[in-house]
Structures are given as C-alpha cells and as structure tokens.
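Below is one structure, written out as structure tokens; comments come after it.
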Amino acid sequence: MASPSRQYPHLMSLPITQPDRRTFLAAGSATAAFAALGLPASAFAAPAGLRLGEPRPFSFDGLAARAKALAARPYAPGAPLPAAVLDRIDYEAHGKIRFNTDYALFKDGPGQFPVTFFHLGRFFQVPVHMYLLTRSDGDFFSREIVYDAAYFDMPADSPARELPDGAGFAGFRFQESRTGDQKKLDWRRNDWVAFLGASYFRAIGELYQYGLSARAVALDVALPDRPEEFPSFTEFYFDPPAEGGDTVVVHALFEGPSITGAYKFVMQRSRAVVMDLECQLFVRKDIGRLGLAPLTSMYWFSETAKPGAIDWRPEVHDSDGLAIWTGGGERIWRPLNNPAATTGAAFSDRQPRGFGLLQRDRNFDHYLDGVFYDRRPSLWVEPQGDWGEGEVQLIEIPTDDEIHDNTVAFWVPKAPARAGSSYRLRYRLHWTDREPYPSPLAACVATRLGRGGQPGQPRPAGVRKFMVEFLGGPLASLPFGIRPEAVLSAPSGKFSYVFTEAVPNGVAGHWRAQFDFTADGKDPVDIRLYLKNGDQTLSETWLYRYEPF
C-alpha cells in the first residue's frame, strides 16, 4: 500500500464519528440472545480467534432504511476516539502494526478469499465497524467483529495498545486465494482489493498492481465557494462466500454532513477484478456538485509535456487519459494534464455507455521505475439502468510530485442535488489493463508537444506543434498510398502545417497527425481531432485542453 498522503491526501480533515459501543455478550447471555431470536447458537459459531457481538437481523433494504433515517436528522458525528492516542500512531508507528493473518476472517473458509483488517491511526481516524453475516432459515443476521489489539502484531510500546476494545478498524482487504498456489501467490502476503480511508477503495487488475482509487461519491470537488466533503464508510457487512466461487459480497453504510447511503458490492476476482455496485443515496443538505461513480488518480507528467530536468524518469502517472463512450456511440480520448491552476472539463451526455481513467502506456522503458507505473490498472465505469442526463466531469489539480492524487472523474446528474432528494444507482467497475469494450476505431496512444514552425527557420512566438499518434483499427488495413485526413477544430485560434504520416517504425496501422496551433490569447483552448478517409471515421476523437504559453 502506498503512503497515506499518496492515496488519501484529505483524511486529516475528515470528521471523526463516535464508535458504535455495544455490549458484547458472554457465553451465557449469548445463548439467551440466540434463543430470543429463535435461532440455534450452533449456527453462529465464531471464526477461530475472533470475538463477535450479539446477533441482529440484517437486510440490505434495512440498511438503506437506516441511511434514509439518518439523512432526515442533522449530522451528529459524536465524540471521537482519544486523539492523543491516534495522533501518536503516525506513519512510522502505523507501519509497525501488522494484522496477524492467523485471525483472518474466512482463513479456513468458506470461500477462497480471507479478509484482513487495517488499524486506526493518525491518517485513518474514522472508526469503521465490521460485521459477519450468517444465514439461518433464509434470513440474515449480523454480528460485529469486535476490535482487539491481539489481532495485530505490534511493538510492546505501541500507542495502539491504549485504544479500547471495540474501537473499530480503519478498513479491510481481501487476500488472494487460500486455495491457490501459495508458492506463486501467498495469500498471507498478497491482497486484491482494499477499502481504506473515507469512502475510498482500490483493486488490482491483470497485472497484479494497485494504482488509482474509486470512492462512493465525490462532493463539491474544486468548487470555489465551498470545501470538498469526504463522507465515510462506517460499517461493512461480510456475506460468507460460496465454496469454490470467485465472488465475494460486502454491504456498507456511509455517512457525511451532506449525504448518507447504503452500498452493495459484488466483487469477482478472476483475470481482472470486476465489481457490481448497487447503492441508495439520501441527500441531507444541498450539494453543489454531486459526483457519482468517482475515480481518483495521479498524473504528474508524461511525454506530452515534461518540464526540463524535473525528474530522472521519462513519465510518472497512474493514468494517462480519460476515455468516454457516449450514449450516442462516440469514442472520446482526453489526455490528462498537470495544469497551472485547477481546471474542470464537462462532457454532456445522456445514458453514457461508459467512462474511465486509463493507463494506456504499458512500456516499462517509458517509466524506468521499480514501482511499475506500466502495470497500474485502468478503471472503467459501466452504467447499468437509466442514468438519464448529466455530464462526465474531469477535474485536474496542479501537482509537483507523485504523492498526490490530483485527477478526479465522475458523473454529475443534470438535476441539482437538493436536500431531501435521493438516488438509486447501479454500475459495474472493471479494474483491468485496458478498456473492457475496446473500440473498433484506432486508439490514441501518444500526445507530444513542441515548438511550432519548421526546422532550420526561426521559430515563431506563441506557436505550438502537436504530434498525436493513433494505432490500430481501420488504420491497420488502410490501402497502400492512402493517407488519412486529420479533421481539426477549436473554438478559437488557427491551425497550420497540418498533415498525417505513418510512424516510421514498421508497425502496421501506426499513424500520427501533425499540426501547429496558434492561440488567440492566453486562455485555455479545447482542441478536437480525429482521422477519416472519405466518409469513413478511422479513429476515436482526441480532445485536448491546451494552455497557451
């Protein structure tokens, strides 16, 4: 896992909620509780080493009803855990606290994937409570997994030992299969999905590498008149998986000052990681910008525009572009930027077919880094059901280092998110190494910028040269002697020296469009490009936010 400041830079400003302090039952009173519910105690045996609370009826509809009831009341975070203790569990102290996998949930089954837990600390102060679900006669019951310092290996003088029993956890992760080849992939040392901090979660793709994150919602990102808000998952419920299957099910409750909600995650671990999400959201206070299905990534620099000698590596980014498949069928590629000031872009649509932050550049030599940016997963959102009208929005925030997640993409419904409104949403997340539904058109694979003008002649001031590369699709079967046409447009400015040519590397279907662009002023300009041959569209649409120099 990356450092807290790298993946969750805003956690220090999160509200801290009061843990749900229950009375945990001794053996005799537990038997009475089971009897009161008309249940056999044998149906609720605790996993080895874990302490469980009393059984309570559970359903997803009931969880959603709780979220709705919370939204009808003012936000009341309650008293926090001892800040004097949590603040002493800094990055160094937190790194010395390791969950003992002998206490992993489901380590002996059912299912393939044990669950381990993250400890609270300075950067993860919101207590999250974990529950194990049990089915009896068709009904579900939950029992809380009681926090105990004994679950963790830690130094004898660790401040974590001062937290009370039942304090809660910071998050959890699913480990790799306990039934697989342990010499190749030891489940005790490798995980494939992690929920940690606010409502953030991550998964790996086919290339066994973490990268960008998703979260439940994004609230008021980059609005000038109101701060961004970070609601938190406060409860998770684990459904015991089926034996031999590759799917796990988790339910979650989350809450913040302006919103509450209930989520159901159905997560499949196969070649990639695929998640089916169902959620019900309830707005407590007016929200200026409600971002649904948000994706959060890091983009510092690439071959497009790298300041001189800023870093020894050629490129540093978790994602290099935003891809959109519109409801009308257009394929759009928007290369990411590291802008001089926070910027936003909006792509209006109805019933979008999908969007995602992708890592298309898979060449190790383009990064040269042992943290394997070339293996970072792409994340694709596949809407399900009626999403109506709205916008895919992209927010880009300046950064001078790779430790900050500075890129956010999400769906914003057309109707304002007012207090009392609610949303039901279903979508699928694909954590993979490419788009799950690749376009038949040529894909943009590189965007390069330089000084405009021609070699051997004085370079004109204020002119930028673009080289945009496309690969595959109909370009691979273009007849010899046919040169694709570059179709360019911009709301202002002037194009010159426009032409296309095959990239001289011997790769079939690898072409580039070259052009110079002169802006009218200093304001950013959105440039649009695609390739065609006669009436045939050959490539996806390249969109670029250009900041004149």
Side-chain angles (χ1 to χ4, degrees), residues 192-194 200-218 246-247 263 265-279 291-299 317-336 345 347 349-362 373-385 387 390-395 405 407-412 425-445 471-473 540-543:
W192 59 273
V193 67
Y200 287 84
F201 55 97
R202 299 193 295 163
I204 62 176
E206 293 98 318
L207 304 178
Y208 296 91
Q209 183 68 45
Y210 280 111
L212 76 171
S213 302
R215 48 178 158 159
V217 294
D246 59 2
T247 300
Y263 274 77
F265 297 85
V266 180
M267 300 180 284
Q268 181 185 51
R269 175 72 174 116
S270 53
R271 183 170 179 265
V273 173
V274 178
M275 301 179 178
D276 286 317
L277 280 72
E278 176 185 352
C279 65
L292 302 176
L295 317 178
T296 302
S297 192
M298 180 275 294
Y299 177 89
H317 51 78
D318 282 340
S319 308
D320 50 12
L322 168 68
I324 303 174
W325 188 9
T326 71
E330 185 179 16
R331 301 282 190 147
I332 295 172
W333 175 252
R334 166 56 159 80
L336 296 181
F347 307 87
D349 202 2
R350 178 176 177 81
Q351 293 291 85
R353 302 187 189 187
F355 65 92
L357 291 175
L358 310 183
Q359 185 77 316
R360 281 187 172 173
D361 191 337
R362 296 294 181 189
Y373 284 114
D374 57 303
R375 301 182 188 175
R376 301 298 167 107
S378 294
L379 180 51
W380 182 261
V381 179
E382 179 185 355
Q384 298 180 334
W387 277 35
E391 298 175 340
V392 175
Q393 293 192 6
L394 174 68
I395 306 297
D405 283 336
T407 303
V408 191
F410 42 73
W411 174 256
V412 179
L425 199 68
R426 293 189 301 113
Y427 57 99
R428 177 171 291 174
L429 294 178
H430 300 261
W431 306 79
T432 180
D433 65 346
R434 61 181 67 86
E435 296 100 316
Y437 307 107
S439 169
L441 301 174
C444 179
V445 294
L471 177 64
E540 65 186 0
T541 300
W542 172 89
L543 297 177

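Note that these values count all heavy atoms, side chains included, but never hydrogens, waters or copies made by symmetry.
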Sorted by chain and residue number, the ring pair (Phe, Tyr, Trp, His ring centres under 6.0 Å) partners of Y437 (sequence neighbours excluded) come out as H430

Between OG on residue S297 and CG on residue L336, distance to nearest 0.5 Å: 7.0 Å

Between F201 and F265, is the gap from one ring center to the other below 6.0 Å? yes

Going by ring pair (Phe, Tyr, Trp, His ring centres under 6.0 Å), name the residues that satisfy it together with W333, two or more places apart in sequence or in a different chain. none

State the CZ-OG1 distance between R331 and T541, to the nearest 0.5 angstrom. 11.0 Å

CG/D349 to CZ/F355 distance, rounded to the nearest 0.5 angstrom? 10.5 Å

CD-CH2 distance between E391 and W411, expressed to the nearest 0.5 angstrom: 8.0 Å

Treating Y263 as the side-chain partner and A216 as the backbone partner, does any N or O pair qualify as donor plus acceptor under 3.5 Å? yes

Spatial distance of atom CD (E382) from atom CG (L277) [nearest 0.5 Å]: 12.0 Å

What distance do R362 atom CZ and R375 atom CZ have between them, rounded to the nearest 0.5 Å? 10.5 Å

Nearest heavy-atom approach of G211 to P377 is N-CD, 3.7 Å

Using the salt bridge (charged side-chain N to carboxylate O under 4.0 Å, His left out) criterion, which residues pair with E435? Sequence neighbours excluded. R360

Test Q209 against I204 for side chain to side chain contact (heavy atoms under 4.5 Å, CB included), laying out the working first. CA-CA 5 Å; Q209 183 68 45; I204 62 176; 5.7 Å; no

Going by side-chain contact (heavy atoms from CB on, under 4.5 Å), name the residues that satisfy it together with D276, two or more places apart in sequence or in a different chain. V266, Q384, R428

Would you find a donor on one side and an acceptor on the other, under 3.5 Å apart, between the side chain of Q351 and the backbone of W387? yes

Residues which pass ring pair (Phe, Tyr, Trp, His ring centres under 6.0 Å) with F410, listed by chain and number, not counting sequence neighbours: none

Residues in salt bridge (charged side-chain N to carboxylate O under 4.0 Å, His left out) contact with R350, at least two apart in sequence or another chain: E389

Looking at S213 and Y200, what are the two nearest heavy atoms and their distance? CB-CD2, 4.0 Å

When you measure from the side chain of Q359 to the backbone of Y373, do you find a donor-acceptor pair of N or O atoms at a distance under 3.5 Å? yes

Ignoring hydrogens and angles, tell me if any N or O in the side chain of T326 forms a donor-acceptor pair with the backbone of E330 under 3.5 Å. yes

Checking D361, D318, D320 against R376 for side-chain hydrogen bond (donor to acceptor under 3.5 Å, both in side chains), the one that qualifies is D318

Using every non-hydrogen atom in the two residues, find where A203 and M275 come nearest and quote the distance to one decimal. CB-CE, 3.9 Å

Does L441 offer a backbone N or O that forms a donor-acceptor pair with the side chain of E540 under 3.5 Å? no

Under the 3.5 angstrom rule, does the side chain of Y210 hit a backbone N or O of V193 as a donor-acceptor pair? yes

